[in-house]
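Computed from heavy atoms alone, side chains included, the values below leave out hydrogens, waters and symmetry copies. Every value quoted in this text rests on a predicted model; they were computed, and no experiment measured them. FYI, the numbering just counts along the sequence from 1.
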Amino acid sequence: MAEARIADGSFVWTQFPFGPPHRPDLPGPVRHIAYVLAQNTRQRPAQLLLAYTSSGPWRGATQSLPLGVIEFSATEAKALRQRPFHIDLRCLAQVPLTSAWFPDLAQPDHGVVAVAGTRLQARIERVFEELVARSRDLIEVRGPR
């Protein structure tokens, strides 16, 4: 059987790893939609770099969004088959493409909710590149090492 593939730019159901006090190297205990930033298909199984998403508006300490956080309005979210949410590019996970991390991997759609269009992928990539260039130390990467 061929290995499942999930495209860059996909919003997909995962077991995104929780942070402290949970072990960040283990699959999280609940299904969670994450955004696929990139993947390494040279490894077996493939490794995917995921960005954290959360339902609703940013609820940080300040009114303005911090660098690395992108908010999606109801209209933008609906186009991605979701409710309003935000991506936090400061919280990433590098995980293997296995059913432990992707609970719907055996399904025909592999758990993919939607795939961002080219313009949205470029927007997310620009914000991520700016975050890396200006504040690399703010990025937390979870997942098995």
Side-chain angles (χ1 to χ4, degrees), residues 2-41 43-132 135-136 138-145:
E3 182 179 43
R5 299 284 305 250
I6 297 176
D8 290 356
S10 294
F11 290 91
V12 60
W13 284 108
T14 68
Q15 298 295 134
F16 197 94
F18 281 22
H22 301 277
R23 287 187 50 187
D25 60 329
L26 297 177
V30 296
R31 289 167 39 102
H32 189 91
I33 295 175
Y35 176 78
V36 179
L37 271 173
Q39 56 188 301
N40 179 350
T41 57
Q43 288 184 265
R44 292 289 177 251
Q47 298 286 308
L48 273 63
L49 183 62
L50 305 173
Y52 180 79
T53 69
S54 183
S55 298
W58 169 252
R59 295 181 283 278
T62 64
Q63 288 291 332
S64 62
L65 292 176
L67 180 61
V69 175
I70 303 169
E71 213 167 34
F72 291 81
S73 69
T75 302
E76 293 169 318
K78 185 176 181 181
L80 297 168
R81 298 178 50 209
Q82 298 184 63
R83 60 182 184 232
F85 70 98
H86 65 273
I87 292 177
D88 190 341
L89 296 167
R90 301 167 307 163
C91 182
L92 307 178
Q94 184 172 335
V95 301
L97 185 57
T98 64
S99 60
W101 294 95
F102 298 88
D104 299 328
L105 197 56
Q107 300 301 316
D109 64 2
H110 308 305
V112 173
V113 175
V115 178
T118 307
R119 290 177 64 192
L120 177 54
Q121 287 184 47
R123 175 182 167 208
I124 293 169
E125 191 171 312
R126 276 192 310 274
V127 171
F128 182 64
E129 288 171 355
E130 185 178 352
L131 174 64
V132 169
S135 302
R136 177 184 297 264
L138 294 179
I139 301 171
E140 174 190 4
V141 181
R142 301 174 185 170
R145 299 280 179 212

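Residues H22 and P17 are not in side-chain contact: their nearest non-hydrogen atoms beyond the backbone lie 4.5 Å or more apart. Within the 4.5 Å cutoff, the side chain of L50 has no heavy atoms near those of the W101 side chain. Side-chain contact check for H32 versus Y52: some heavy-atom pair is nearer than 4.5 Å. Residues I33 and T14 form no side-chain contact, since every pair of their non-hydrogen atoms from C-beta on lies 4.5 Å or further apart. Between L120 and L80, the closest side-chain pair of non-hydrogen atoms falls below 4.5 Å. Taking the side chain as every heavy atom from C-beta outward, F72 and Q82 never approach each other to under 4.5 Å. Looking at heavy atoms from C-beta onward, T53 lies out of side-chain contact with F16 at the 4.5 angstrom threshold. Residues L105 and I6 are in side-chain contact: their nearest non-hydrogen atoms beyond the backbone lie under 4.5 Å apart.
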Decide ring pair (Phe, Tyr, Trp, His ring centres under 6.0 Å) for Y35 and F128; before the verdict, give the C-alpha distance in whole Å, the side-chain angles of both, and the deciding distance to 0.1 Å. CA-CA 12 Å; Y35 176 78; F128 182 64; 10.0 Å; no
Chi angles and distances behind the side chain to side chain contact (heavy atoms under 4.5 Å, CB included) call for V69, I87: CA-CA 6 Å; V69 175; I87 292 177; over 6 Å; no
Mind running side chain to side chain contact (heavy atoms under 4.5 Å, CB included) on L97 and T41 for me, showing each step along the way? CA-CA 9 Å; L97 185 57; T41 57; over 6 Å; no
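Atoms CG and CG, on L138 and D88 in that order, are 10.0 Å from each other to the nearest 0.5 Å. If you take CD on E125 and OG1 on T118, they are separated by 11.5 Å, rounding to the nearest 0.5 Å. Considering CG of D109 and CG of D104, their distance stands at 7.0 Å, rounded to 0.5 Å. Rounded to the nearest 0.5 Å, atoms CD1 (I124) and CG (L37) are 7.5 Å apart.
Checked by atom type and distance alone, the side chain of E130 never pairs as donor or acceptor with a backbone atom of L67 at under 3.5 Å. In this structure, R31 contributes its side chain and G28 its backbone to no donor-acceptor pair below 3.5 Å. Proximity of a side-chain donor or acceptor of Q39 to a complementary backbone N or O of Q47 within less than 3.5 Å is not detected. Using modelled atom types, one side-chain atom of R81 and one backbone atom of V113 make a donor-acceptor pair closer than 3.5 Å. At least one donor-acceptor pair closer than 3.5 Å links the side chain of Q121 to the backbone N or O of A116. Here the side chain of S10 pairs no donor or acceptor atom with the backbone of V112 at under 3.5 angstrom.
Of all non-hydrogen atoms in Q15 and A100, the two that sit nearest each other are CG-O, 3.4 Å. Nearest heavy-atom pair across E76 and R123 is OE2-NH1, 3.9 Å. Nearest heavy-atom pair across P144 and P96 is CG-CD, 3.9 Å.
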